[in-house]
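All heavy atoms count here, side chains included; hydrogens, waters and symmetry mates do not. Every number for a ligand or one of its atoms is a count from 1 in the order of the listing. What you see is a predicted model; the values in this text were computed from it and never measured.
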Amino acid sequence: MSVLLRVENATMRFGGLVALNDVSFSIDKGSVLAVIGPNGAGKSTLFNVVTGVYRPTSGKVVFDGADITGKPSYEVVERGIGRTFQSSRLFSDLSVLDNVIIGMHTRTTTGVLDALFRPGKSRREMAACVEKAEALLKSGSGDLFEQRYRPAGALAQADRRRLEIARALASEPKLLLLDEPSVGMDETETQALIADIVRLRDVHLELSVILIEHDMQVVEAFPDHVMCIDYGSRIAEGDFAAVRANPRVQEAYLGKAAAHA
Ligand SMILES: Nc1ncnc2c1ncn2[C@@H]1O[C@H](COP(=O)(O)OP(=O)(O)OP(=O)(O)O)[C@@H](O)[C@H]1O
Ligand SMILES: [Mg+2]
């Protein structure tokens, strides 16, 4: 298997705080990596460093053979990394359908000038976008397709999470980053989310996924490659059983639980 993403010695400092501390890992094409770790461990920061939201203080991000360290987010999307955010970034006043279509902008070729001077071409491209967006809305669990004309802000929490995934997929990523996709989902919705991710990988055999998760049900469903971060450092990596049994991982979780007790 070939490596799709490689993060080399990434360190991210915010003033005196070291949010990521010399983290290295890689993910192969077509595989799933689950990232776990207590609150504030640096998991979302890792996504932000990979997607160019932050340029790491030091270290390197290599995607599909190219150094993308600190590249602007739009370029990262264009190169094939799609993501969802921990807190919703949907356009709540726009329709469900429009939110997905917005996710396609890096894959469309017509612009404002075409709309003015080549309206036929623009219209054809728009029609193709609508068709593709509708297909994406039909492909996941839930009934997003039936709700496609509703404003995104009116959706229930689980549907908002599903819509974020549909929007990320609209950019046709090679690597999909999901930041706590099961947050706000009940047991049944979480099972449907797992089934969605499994199905997605059946359809797109080359798709790689990194998911940040607190829900161990989800991690257990993708047990081959798990990495645990604590205080910005990678403290364990391996299959789920090995990571769960690791004393440093247990201490990280128990320590935080004890601190909150
Ligand atoms: N832009 C920023 N400026 C300053 N500090 C930040 C910034 N972003 C993150 N941090 C800090 O970096 C640390 C890691 O945060 P991060 O959001 O990556 O954690 P996390 O593992 O995703 O946590 P959670 O499970 O709660 O989502 C935290 O201490 C956080 O306060
Ligand atoms: Mg986070």
Side-chain angles (χ1 to χ4, degrees), residues 5 7-25 27 32-61 68-74 76 81-90 157-158 160-165 167-168 175-185 190 193-194 197 209-222 225-238 240 243-244 246 248-261:
L5 174 79
V7 172
E8 291 174 17
N9 309 99
T11 292
M12 183 76 228
R13 292 177 203 276
F14 297 108
L17 182 100
V18 186
L20 274 186
N21 187 6
D22 199 27
V23 170
S24 300
F25 69 94
I27 173 170
V32 181
L33 165 66
V35 178
I36 63 169
N39 292 116
K43 305 179 297 298
S44 296
T45 301
L46 182 66
F47 275 12
N48 287 333
V49 161
V50 168
T51 56
V53 175
Y54 302 134
R55 170 181 273 278
T57 314
S58 58
K60 210 162 135 181
V61 181
I68 59 160
T69 318
K71 294 272 186 222
S73 295
Y74 70 84
V76 172
I81 304 183
R83 77 174 290 187
T84 66
F85 291 86
Q86 188 168 352
S87 52
S88 174
R89 301 278 176 99
L90 296 170
Q157 167 83 345
R160 282 208 291 271
R161 307 302 288 175
R162 293 178 179 123
L163 177 53
E164 295 232 18
I165 295 174
R167 185 174 64 174
L175 173 64
L176 178 65
L177 307 181
L178 304 175
D179 197 342
E180 300 197 20
S182 74
V183 160
M185 291 189 173
T190 301
L193 169 75
I194 292 169
I197 299 172
V209 181
I210 305 183
L211 50 101
I212 293 175
E213 258 305 340
H214 279 298
D215 188 331
M216 292 302 145
Q217 275 190 89
V218 182
V219 179
E220 212 164 5
F222 304 98
H225 190 184
V226 179
M227 173 168 76
C228 182
I229 299 180
D230 190 29
Y231 290 111
S233 297
R234 186 190 66 172
I235 59 167
E237 190 174 355
F240 183 52
V243 169
R244 188 170 45 183
N246 186 307
R248 289 187 72 186
V249 174
Q250 294 187 1
E251 196 184 317
Y253 278 94
L254 289 175
K256 293 285 156 73
H260 284 124

Any heavy atom of L17 under 4.0 Å from ligand 1? The part involved is side chain

Tell me, do V209 and F222 make a side-chain contact under 4.5 Å, heavy atoms counted? no

Does any N/O atom on G37 come nearer than 3.5 Å to any N/O atom on ligand 1? no

N39 side chain near H214 side chain, heavy-atom distance below 4.5 Å: yes

One pair to check against side-chain hydrogen bond (donor to acceptor under 3.5 Å, both in side chains): T51 and R83. What are the steps and the verdict? CA-CA 8 Å; T51 56; R83 77 174 290 187; 3.1 Å; yes

How about S44: does one of its N, O or S atoms come closer than 2.8 Å to the Mg ion (ligand 2)? yes

Under the side chain to side chain donor-acceptor pair (under 3.5 Å) rule, collect the residues that match up with Q250, sequence neighbours excluded. none

Under 4.0 Å, counting heavy atoms only: does M12 come that close to any atom of ligand 1? no

Nearest protein heavy atom under 4.0 Å from atom 3 (N) of ligand 1, yes or no: yes

If I take every N, O or S atom of T45, is at least one of them less than 2.8 Å from the Mg ion (ligand 2)? no

Top protein contact for atom 1 (N) of ligand 1, by heavy-atom distance: Y54 OH, 2.8 Å

Mark up the atoms of ligand 1 that fall under 4.0 Å of a heavy atom belonging to E180, in ascending order. 25 (O), 27 (O)

Ranked by distance from atom 26 (O) of ligand 1, the top protein heavy atom is N39 ND2, 3.1 Å

Quick one: does G40 get an N or O within less than 3.5 Å of an N or O on ligand 1? yes

K43 side-chain N/O to L211 backbone N/O, donor-acceptor pair under 3.5 Å: no

Students should be able to answer this: which protein heavy-atom is nearest to atom 25 (O) of ligand 1, and at what distance? K43 NZ, 2.7 Å

When you compare ligand 1 with F14, is there at least one nitrogen or oxygen pair between them that comes in under 3.5 angstrom? no

